[in-house]
There are 2 protein chains.
Amino acid sequence: MQRARIFRLESYLDHLAELKLAGRTTVTSEELAGRVGISSSRVRQDFIYLQVEGKPRSGYEIGELEMLLYSELDLLHEKGMVLIGCGNLGRALIFSGIWEHSGFSLKAVFDNQASVIGSVVNGLTVRHVRELHSVVRSEEIVAGCLTVPAIAAQGVVQMLIGAGIRGIWNFAPTEIKAPAGVVVENQRLEQGLMTLSFAMKETRAAPIRPDLENYVHDASSS
Amino acid sequence: MQRARIFRLESYLDHLAELKLAGRTTVTSEELAGRVGISSSRVRQDFIYLQVEGKPRSGYEIGELEMLLYSELDLLHEKGMVLIGCGNLGRALIFSGIWEHSGFSLKAVFDNQASVIGSVVNGLTVRHVRELHSVVRSEEIVAGCLTVPAIAAQGVVQMLIGAGIRGIWNFAPTEIKAPAGVVVENQRLEQGLMTLSFAMKETRAAPIRPDLENYVHDASSS
DNA sequence: ATCGAACCGTTAATCAATTAACAATATATG
DNA sequence: CATATATTGTTAATTGATTAACGGTTCGAT
């Protein structure tokens with residue numbers, strides 16, 4: 001699973017930022033492994049894949065690692081993105097800080113409701129979807145964020161693809177179809193809930209709370 | 001990876017609902033496999049794990065499968081949940097349809113901003129977080145949805161755990177710590193964006209759009 | 001300058017997940 | 001009723017991912 005590696009790389013980035021903040025300049029495979037919850041050899045193998053070299057007694061350079069991770073995930077190359085669907089979820093994303101170092105830059109926002117068109121959301125004016133095609137073409141947009149109701153999703157996908165987009169971040173709770181060559185990343189929130197439901201099934205007879213001291217790092221996120 | 005199976009089960013549910021809507025009552029492992037993008041033997045093994053039996057020429061009963069999937073994921077047993085952080089994202093979730101058949105029922109909403117406390121969001125009155133403890137205790141709440149800023153996350157986690165909660169659905173873009181026995185499901189939206197960024201790196205030189213006919217099912221979601 | 005510990009890089013071993021293969025069985029057809 | 005066929009249940013083979021093991025290097029200590 002290639003996907004598993006990507007998740008690990010993202011996780012490394014997280015922890016490296018934290019270490020850097022603490023003033024550290026190097027880190028060993030052992031330490032990172034402990035934080036992420038995997039074996040140190042896994043970490044070393046990932047770093048070989050990234051073609052970064054460590055030194056026998058000090059470990060790996062944090063700055064160098066960050067650089068390579070950014071480059072591997074293509075986070076420095078800011079790609080133009082548009083968002084379609086300016087409802088509650090759309091607005092939440094527009095206002096959120098996720099766009100920093102994400103590899104994307106939000107360039108325009110669309111909707112089809114007269115009530116929101118023309119309003120300004122976090123500095124971006126909401127436009128009518130009929131302008132989608134021309135904006136995508138003229139502003140070098142390569143990806144779209146889909147926060148419309150499920151029923152409208154496939155229609156908007158068609159428009160996006162027709163305009164030449166190559167990637168879709170889909171929040172609509174439905175499976176969308178796209179031609180080969182167009183990357184679809186689904187963010188199905190319901191699945192997160194269901195997964196939690198399943199996981200809690202096992203924990204039914206939970207012990208009485210231990211003291212807050214013995215908290216452990218959460219390793220369930222990967 | 002147990003997680004991979006859970007994702008498949010959720011995916012089966014999706015497609016079964018679609019088939020049911022189309023009037024179908026049975027489905028073969030082959031057909032489901034084609035839809036989900038895996039091998040038919042994988043599907044059959046999952047169904048053996050669910051202890052459902054198929055018939056040699058007709059396949060599996062859709063209704064029976066749905067029942068067993070619901071039961072396996074514990075989606076029928078509605079567990080009480082609270083949401084903390086009534087910002088844009090919180091509101092989006094409160095208004096969204098994800099709670100249907102999710103295994104959870106949203107019972108109360110909290111914030112610490114005077115400007116939103118007391119307001120009614122989709123039928124739920126926003127309360128001050130200081131009431132969190134007593135509400136969790138008195139209304140049999142077992143899980144919490146965290147939509148607060150990263151800086152506030154760990155503090156709220158402490159409150160939730162102190163109140164006796166056993167599961168956390170975390171949207172805060174930070175790693176939170178919880179004692180063993182408390183399930184944490186992280187919904188890191190930035191990771192979705194980064195993954196898309198990586199995936200698009202490979203598609204740089206995309207071919208000219210093929211016609212819309214040869215769309216294929218997206219198999220990248222698992 | 002030599003020793004020894006800490007850590008990397010790499011290869012081998014283990015473990016897990018997926019797919020392939022096929023005998024068993026129920027149903028449809030004539 | 002007999003035969004053909006689609007599809008299951010199950011076991012074996014394969015593939016992939018993870019961990020373990022260990023020789024090789026650097027660096028600090030004596």
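Chain naming here is simple, since letters A, B, ... match the order of the sequence lines and numbering starts at 1 in each.
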Can you check nucleotides 7-10 of chain D for protein contacts, nitrogen or oxygen pairs under 3.5 Å, and list what you find?
from  : atom 1 : to      : atom 2 : distance (Å)
D:dT7 : O4'    : B:Pro56 : O      : 2.1
D:dT7 : O2     : B:Pro56 : O      : 3.2
D:dT8 : OP1    : B:Ser29 : N      : 2.9
D:dT8 : OP2    : B:Ser29 : OG     : 2.7
D:dT8 : O3'    : B:Gly54 : O      : 3.4
D:dG9 : OP1    : B:Gly54 : N      : 2.9
D:dG9 : OP1    : B:Gly54 : O      : 3.4
D:dG9 : OP2    : B:Tyr60 : OH     : 2.7
D:dG9 : N7     : B:Arg44 : NE     : 3.0
D:dG9 : O6     : B:Arg44 : NH2    : 3.0

Rounded to whole angstroms, how far apart are CD1 on A:Ile38 and P on C:dC15?
19 Å
Value for OH (B:Tyr60) from NZ (B:Lys55), rounded to nearest 0.5 Å, stands at 13.0 Å
Please enumerate all residues that pass side-chain contact (heavy atoms from CB on, under 4.5 Å) together with A:Glu78, with sequence neighbours excluded.
A:Ser105
Under the rule for side chain to side chain donor-acceptor pair (under 3.5 Å), what residues qualify as partners of B:Tyr70, not counting sequence neighbours?
none
Residues in side chain to side chain donor-acceptor pair (under 3.5 Å) contact with B:Ser102, at least two apart in sequence or another chain:
none
Grab the CG-P distance between A:Asp46 and C:dT10 for me, whole Å please.
14 Å
Length of the CZ-C1' vector between B:Arg8 and C:dT19, whole Å
12 Å
Name all residues meeting the salt bridge (Lys or Arg N to Asp or Glu O under 4.0 Å) criterion together with A:Glu66; count only those two or more places apart in sequence or in a different chain, and write none if there are none.
A:Lys20
Phosphate OP1/OP2 of C:dT18 contacted by B:Arg42 side-chain N/O (<4.0 Å):
yes
Can you tell me how far P of D:dA17 sits from CZ of B:Arg3, to the nearest Å?
18 Å
In whole Å, what is the span from the CD atom of A:Gln51 to the C1' atom of C:dG9?
14 Å
Atom CG of A:Leu9 and atom P of D:dA17: how far apart are they, to the nearest Å?
13 Å
Separation of D:dT18 atom C1' from A:Tyr49 atom OH, nearest Å, is 17 Å
Atom-pair distance (CG on B:Leu32; C1' on C:dT18), nearest Å
17 Å
Taking side-chain contact (heavy atoms from CB on, under 4.5 Å) as the test, write out the residues that go with A:Ala172, two or more places apart.
A:Ala153, A:Asn170, A:Thr174
